[in-house]
Amino acid sequence: MIQSLRGMNDILSEEFERFEYFLSTASTIAKRYGFHYIETPLLEETALFKRSVGESSDIVGKEMYQFIDKGENDVCLRPEGTAGVVRAFVQHKLDKKGGIHRFYYHGPMFRYERPQKGRLREFHQFGVESFGVDSVYEDALMIMMVADILKALGIGYRLKLNSLGDQNCMPAYREKLVSFIESCGEAICGDCERRKLTNPIRVLDCKNEACQALYTNAPKLIYNLCDGCQSDFDTLKIILDQHDISYEIDTNLVRGLDYYSKTAFEFVSDNIGSQSAIAGGGRYDRLIEFLDGKPTPAVGFALGIERLMELIVMPESVREGYYLGAMDAAALAPILKAAEKIRRSDKAVVEYEPRSLKAHLKGADRINARYCAVIGENELAQNSIWVKDLVEKTESLILLNDFFV
Ligand code: HAM
C-alpha cells in the first residue's frame, strides 16, 4: 500500500472541521484589521529564499525541497510565506505605487526537517504581511492580531519579545558579539563556528546546551540598541501594556530567518511539547530592497496551524440542515427534487436507499442534521413530505408545492 510521505499528513473529517474553523476565525479577524487575501505559488525560484530567508539559516542551508525542473530551473517548494508575498509585492510594482498594503494568506509550507510531534515536513501556516508602515504601532497591531486569534480559539500562550536592532546599531553589536564568540575559543560547536562567519547573532539561538552555557555572558543586543530602536521598543512595550497583553523579554530570541530587524516576537504554548512555538514574526524593513524593490517598511507574522489544532476549543456543534430519505423506492424522485430546492438556501444530504422511518431518523442523527425529511407511501399519495425538527421535536406534513418555494 502506498503511504503518504514521512512528515506529510492527510487532514480528515473531524480534524478538517477544526482546520476550517481555525481558517474562518483567523480570516475573519484579519479582514477586521483591514487585511486582504493574497495567494502566491507553492513553487518559487530557489534564489528567492536564498536572498530572503538567508543562506546561513537552517531553513535554506538544510531544509529546502529543492530541485531542477524540466526547464533546468532551480526551484523549491516554499518553506515559508513571507518571501513569496514580498516577491509578488515587488513584481506587481506595489512598492512603486506607495501607500499601505496589507495581506493575509494561508497554505502549505515545506521544510525537510526531522519529523516529530509538532514538526512536519509539510505544514500549514496562516500569515499576514503589512507593507508601507514604519510606525511601531503596526508591530503592536501584529501582536494584537495574533492575541485576538488565539483568544477567539480559546488558546493560552506566552509572548516572547526582543528587538534585533537595525543597520545603525547592529554592525557595532555584531563586532562585540564576534569578539565574545572568539573569546570562547574552540568550545563552541561546529554550527556556531559557521554562524560566527555568516550570521553571528544566530549563535544565541543554538540548541547545544554547552554553547548555551557559554553564551549566558554574551553581550545582548537589547542593551546595545541605538536611540531609534530603543524608543520604538519602549513604545511597543507601552502599547502592549495598555492593551493588557503580557510579554517576556527574551534576549536570545533571534528567529530562524535572516530578514528581521527591530521587533521580533514569538508566541509559545506550554501545552504541546517541545515544538512550542505557535506563531512568530517581526519587522523586516530591508527585505523589499534585498529583493530589488523600493525600500519599504514591512512587518508580519505566521501561525503554525498544525501546532494549534489540538489546542483549539471548538464551539458546541449545532444541528444544521436537512437529512432526506425515501421510505419507498418510488419516493426517491420527489426526495431529490426537494433536496434541490433546499440547497438554494440550506444544506441537504440525501440517503438513496429506501429505509424505515426509524433508520432515517438514525441517519439524521448521525450527520447531526436539524431536520429529518421523509417521503413514504402515504406522503406520496398526498404529494407531501413529512418533516421532523430534531431540535424543537415538532413534526409536520408539508405539501411538496409549498416546501421551500
Ligand atoms: P517561522 O517562525 O519559521 O516564521 O514559522 C511560523 C510558525 O510556523 C512557527 O511558529 C510554527 O508554529 C510553524 N512551523 C514552523 N516550522 C514548522 C514545522 N516544521 N512543522 C509544523 N509547524 C511549523 C515564518 O515562517 C515567517 N515567515 C513568519 C513571518 C511572517 N515573519 C514575518 N512575516
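FYI, side chains are in, hydrogens and waters are out, and symmetry mates aren't considered; it's all heavy atoms of this structure. Counting convention: from 1, in listed order, for ligands and their atoms alike. All of these numbers come straight from a predicted model, not from anything done at the bench.
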Backbone or side-chain N or O of Gln125 under 3.5 Å from ligand 1 N or O: yes

Identity of the nearest option to atom 21 (C) of ligand 1, non-hydrogen atoms only, from Gly304, Gly127, Gly7, Gly118: Gly118

Pro79, portion touching ligand 1 at heavy-atom distance under 4.0 Å: neither

Nitrogen or oxygen of Glu266 less than 3.5 angstrom from that of ligand 1: no

Qualifying residue, where the test is side chain to side chain donor-acceptor pair (under 3.5 Å) with Tyr323 and the options are Lys362, His360, Arg366: His360

Over-ring placement of Arg51 relative to Phe290, 6.0 Å and 45° cut-offs: no

N or O pair under 3.5 Å between Tyr284 and ligand 1: no

Option nearest atom 9 (C) of ligand 1 (shortest heavy-atom distance, choices Pro115, Ala277, Ala298, Gly281): Ala277

Close N or O approach (Leu303, ligand 1; < 3.5 Å): no

Region of Leu257 that comes within reach of ligand 1 [heavy atoms, distance under 4.0 Å]: side chain

Side chain, backbone, both or neither: Arg255 near ligand 1, heavy atoms under 4.0 Å: side chain

Heteroatom distance test (Leu120, ligand 1): nitrogen or oxygen, under 3.5 angstrom: yes

Nitrogen or oxygen of Thr82 less than 3.5 angstrom from that of ligand 1: yes

Ligand 1 contact by Arg119, heavy-atom criterion under 4.0 angstrom: yes

